[in-house]
Protein chains: 2
Amino acid sequence: MKVSREKAAEHREALVTAASRLFREQGIDGVGVADISKAAGLTHGALYAQFESKQALAAEALSQGLRRAEVPMKKAADEGGLGACLDFYLSPRQRDNLAGGCAMAASASEIARQDVSISTEFAGGFERMAAIIEATLKRELPQKSRRQRAISITASLIGAVAASRAVAKSDPRFANEIIAAARHALERLGGER
Amino acid sequence: MKVSREKAAEHREALVTAASRLFREQGIDGVGVADISKAAGLTHGALYAQFESKQALAAEALSQGLRRAEVPMKKAADEGGLGACLDFYLSPRQRDNLAGGCAMAASASEIARQDVSISTEFAGGFERMAAIIEATLKRELPQKSRRQRAISITASLIGAVAASRAVAKSDPRFANEIIAAARHALERLGGER
DNA sequence: TGTACATCAGTGAACGCGCGTTCACTGATGTAC
DNA sequence: TGTACATCAGTGAACGCGCGTTCACTGATGTAC
C-alpha cells in the first residue's frame with residue numbers, strides 16, 4: 001500500500017541507518033538486503049522502491065556513517081584539541097564499538113573492492129576528518145606541513161583501530177597496546193615542529 | 001584417484017597460495033571455494049580432502065601471506081634501515097599490488113569478523129612486522145619506547161596503505177598524497193629522540 | 001469541501017545463481033607378504 | 001623383486017540455503033475537478 005511522503009522519507013532514513021550499522025558490524029559482503037530491510041522494519045521490496053541496488057544503498061549508508069563519526073571528533077577537537085581527538089578515537093570504548101564507531105576504520109580494506117561511488121564517499125570522509133585534525137595543529141607550522149601531518153595522523157588512526165580490532169579476539173592485551181602506542185606516537189607527531 | 005604424498009603436498013601448497021592471493025584481491029567473503037580450487041587446478045572436493053573448512057584454509061592462507069610479506073620488508077630493513085622499509089611499503093607499486101602485497105593492509109578491517117584462528121595469525125604477523133621495524137630504530141632510545149614506536153609505525157603503515165587503496169579508484173592523486181604524507185611523518189617518528 | 005481516480009510505497013512470491021559442504025565413487029599409491 | 005590389496009587424494013553430482021533482484025499486486029495517499 002502507498003504511504004505518505006513523510007513516512008516514506010522516514011523509511012528511507014531507517015534503511016540507511018540500519019545498513020550503516022550492519023555494514024560496520026558485519027561488512028558490506030556480510031550483510032544481505034533481507035537483514036537490512038528486517039532491521040528497518042520493512043521488506044526487501046521496500047528497499048528496492050527506495051534504492052536502485054544494494055551498492056547504491058551502501059554508498060548512502062557509508063556517507064551517513066562517515067558524517068556521524070565526524071560529530072564527536074569535531075567536538076573533541078574544539079574542546080580539547082588534538083589530545084582529545086586521540087583520546088576519543090583511540091579509546092578501547094571506540095575500538096569495541098563497531099556498531100556505532102567510525103566507518104573508515106570498520107571498512108577500510110573493503111572499500112577498495114567496491115564501486116567507485118563508495119570510494120568517492122570514503123575519500124570525502126577522509127578529507128573532512130583530516131581537516132578536523134589539521135585545525136588542531138600548531139599555527140606556526142607551514143600550511144603544507146600541517147596538511148601532510150593531518151593526513152598522516154588520520155591514516156594512522158584508521159590503521160591503529162583496524163589493527164587493534166583485528167587482534168582483539170585473540171590477544172586483548174596486545175590490542176590495547178596498539179592503540180596506546182598510537183596514542184603516544186601521534187601526540188608527538190602533532191605536537192612537534 | 002589417489003596421488004603420491006609428494007603431489008598431495010604440492011596440491012595443498014597450491015591451494016594455500018591461490019587462496020592467499022585471491023583473499024587479498026577480493027576479500028575472504030568475496031571468494032568461493034570453487035574459485036580457489038579452480039585457480040589451484042583442482043576441484044573443490046580436493047580442497048576438503050586437505051582442509052576441514054574454508055576458514056581453516058583461510059587461516060593457513062593468511063599465515064603464508066603474512067610470512068611472504070615479511071621477506072622484502074626484512075631485506076629493506078637490513079639494507080637501508082627504516083627509510084628503505086617506508087620506501088618499499090608506502091610505494092605506489094606496493095599499494096597497487098593487491099595480489100602480491102601485504103595481507104595485513106589488504107584484510108585489516110575484515111579480520112575482526114573472522115574466527116579467532118585468523119585473529120591469532122594476524123596478531124603474529126603484526127608482532128613480527130613490528131619487530132622488523134623495531135630493529136631499525138635508534139639504539140639510544142629506551143627499549144620500551146622503541147617497541148612503542150615500532151608498533152605505532154606498523155599500524156600507521158597498514159592504515160596508510162588501506163586508506164590509499166580505498167580512495168585510489170575515485171581520486172588517484174589523493175591516494176598518492178596519503179602514502180607520501182605517511183612516508184614523511186613516519187620517517188620523523190622513527191628518527192627522533 | 002466532496003468525489004473520482006491516478007500514483008506509487010510497500011508486500012511477498014518467485015527468479016536464477018552461487019555459496020559451503022557432503023558423499024559415493026575412482027583408481028594410483030604404497031604397504032604387507 | 002613380484003603380487004595382492006588396503007589406503008586415501010581427488011572427482012563430480014548433489015544437498016539445502018541465502019543471496020540480489022524482479023514483478024504482479026495492494027490500497028492509502030494526494031491530486032484534479
Side-chain angles (χ1 to χ4, degrees), chain A residues 1-23 25-62 107 110-111 113-118, chain B residues 1-23 25-62 107 110-111 113-118:
Chain A
M1 65 225 123
K2 196 174 175 179
V3 123
S4 73
R5 281 204 261 269
E6 211 174 318
K7 264 271 173 266
E10 276 174 37
H11 291 167
R12 188 187 173 90
E13 180 80 8
L15 286 164
V16 172
T17 301
S20 180
R21 179 172 56 78
L22 290 170
F23 286 154
E25 282 176 346
Q26 303 171 52
I28 298 177
D29 289 347
V31 179
V33 291
D35 303 319
I36 299 167
S37 323
K38 201 179 170 189
L42 295 161
T43 64
H44 58 276
L47 189 155
Y48 281 91
Q50 295 282 352
F51 301 94
E52 205 179 288
S53 65
K54 187 191 174 187
Q55 278 285 324
L57 169 57
E60 207 159 314
L62 179 63
S107 331
E110 285 169 278
I111 304 290
R113 298 177 199 114
Q114 306 293 328
D115 283 358
V116 66
S117 60
I118 309 263
Chain B
M1 65 227 121
K2 198 174 174 178
V3 123
S4 72
R5 281 203 261 269
E6 211 174 317
K7 265 271 173 264
E10 277 173 36
H11 291 166
R12 188 185 175 91
E13 180 80 7
L15 285 165
V16 172
T17 302
S20 181
R21 179 172 56 79
L22 290 170
F23 285 154
E25 282 176 345
Q26 301 172 53
I28 297 178
D29 288 348
V31 179
V33 291
D35 302 319
I36 299 166
S37 323
K38 201 178 170 192
L42 294 161
T43 62
H44 57 275
L47 189 155
Y48 281 92
Q50 296 282 353
F51 301 94
E52 205 179 287
S53 64
K54 187 190 175 188
Q55 278 285 323
L57 168 58
E60 208 159 312
L62 179 62
S107 329
E110 285 170 277
I111 305 289
R113 298 177 198 113
Q114 306 293 329
D115 283 359
V116 66
S117 60
I118 309 262

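Keep in mind that this is a model prediction, so the values were computed, not measured. In what follows, every chain begins at residue 1, and chains take the letters A, B, ... in the order their sequences are listed.
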Only pairs with both distances under 3.5 Å count, Watson-Crick or wobble alike; so what is the partner of [N] in this structure?
N	value
C:dT7	D:dA28
D:dC23	C:dG12
D:dT1	none

For B:K54 and C:dG20, is the shortest distance between a side-chain N/O and OP1 or OP2 below 4.0 Å?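 True: B:K54 side-chain N/O within range (under 4.0 Å) of C:dG20 OP1/OP2.
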Given DNA chain C, 5'-ward residue of the pair B:V31 and A:R12, judged by closest heavy atom
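Mapping each residue to its closest nucleotide by heavy atoms, the 5'-most match is A:R12.
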So what does [X] hit on the nucleic acid, given a heavy-atom distance under 4.0 Å: a base, only sugar-phosphate, or nothing?
X	value
B:A8	sugar-phosphate
A:G32	sugar-phosphate
A:V3	sugar-phosphate

Drop me the distance from B:K38's NZ to B:H44's NE2, to the nearest 0.5 angstrom.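 Interatomic distance, B:K38 NZ to B:H44 NE2, rounded to 0.5 Å: 13.5 Å.
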CG/A:L47 to OG/A:S53 distance, rounded to the nearest 0.5 angstrom?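 So the CG of A:L47 and the OG of A:S53 are separated by 9.0 Å.
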Is a donor on one side and an acceptor on the other found under 3.5 Å between the side chain of [X] and the backbone of [Y]?
X	Y	answer
A:Q50	A:A8	yes
A:S4	A:K7	yes
B:E110	B:I28	yes

Could you tell me how far apart [X] ([atom1]) and [N] ([atom2]) are, to the nearest whole angstrom?
X	N	atom1	atom2	value
A:R5	C:dT7	CZ	P	14 Å
A:F23	D:dC19	CZ	C1'	13 Å
B:I28	C:dG20	CD1	C1'	15 Å
B:K7	C:dG30	NZ	P	12 Å
B:Q50	C:dT22	CD	P	16 Å
A:D29	D:dG18	CG	C1'	14 Å
A:L57	D:dT21	CG	C1'	14 Å
A:H44	D:dA24	NE2	C1'	13 Å

Can you identify which nucleotide, out of [options], has its nearest atom closest to the [X] side chain?
X	options	result
B:A49	C:dT21, C:dT7, D:dA9	D:dA9
A:D35	C:dC19, D:dC19, D:dA13	D:dC19
A:A34	C:dT21, D:dC19, D:dT11	D:dC19
A:V33	C:dA28, D:dT21, C:dT7	D:dT21
A:Y48	D:dT21, C:dA9, C:dT29	D:dT21

Pairwise side-chain contact, B:V33 with B:L57, heavy-atom cut-off 4.5 Å (strictly under):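 Counting from C-beta outward, B:V33 and B:L57 never come under 4.5 Å.
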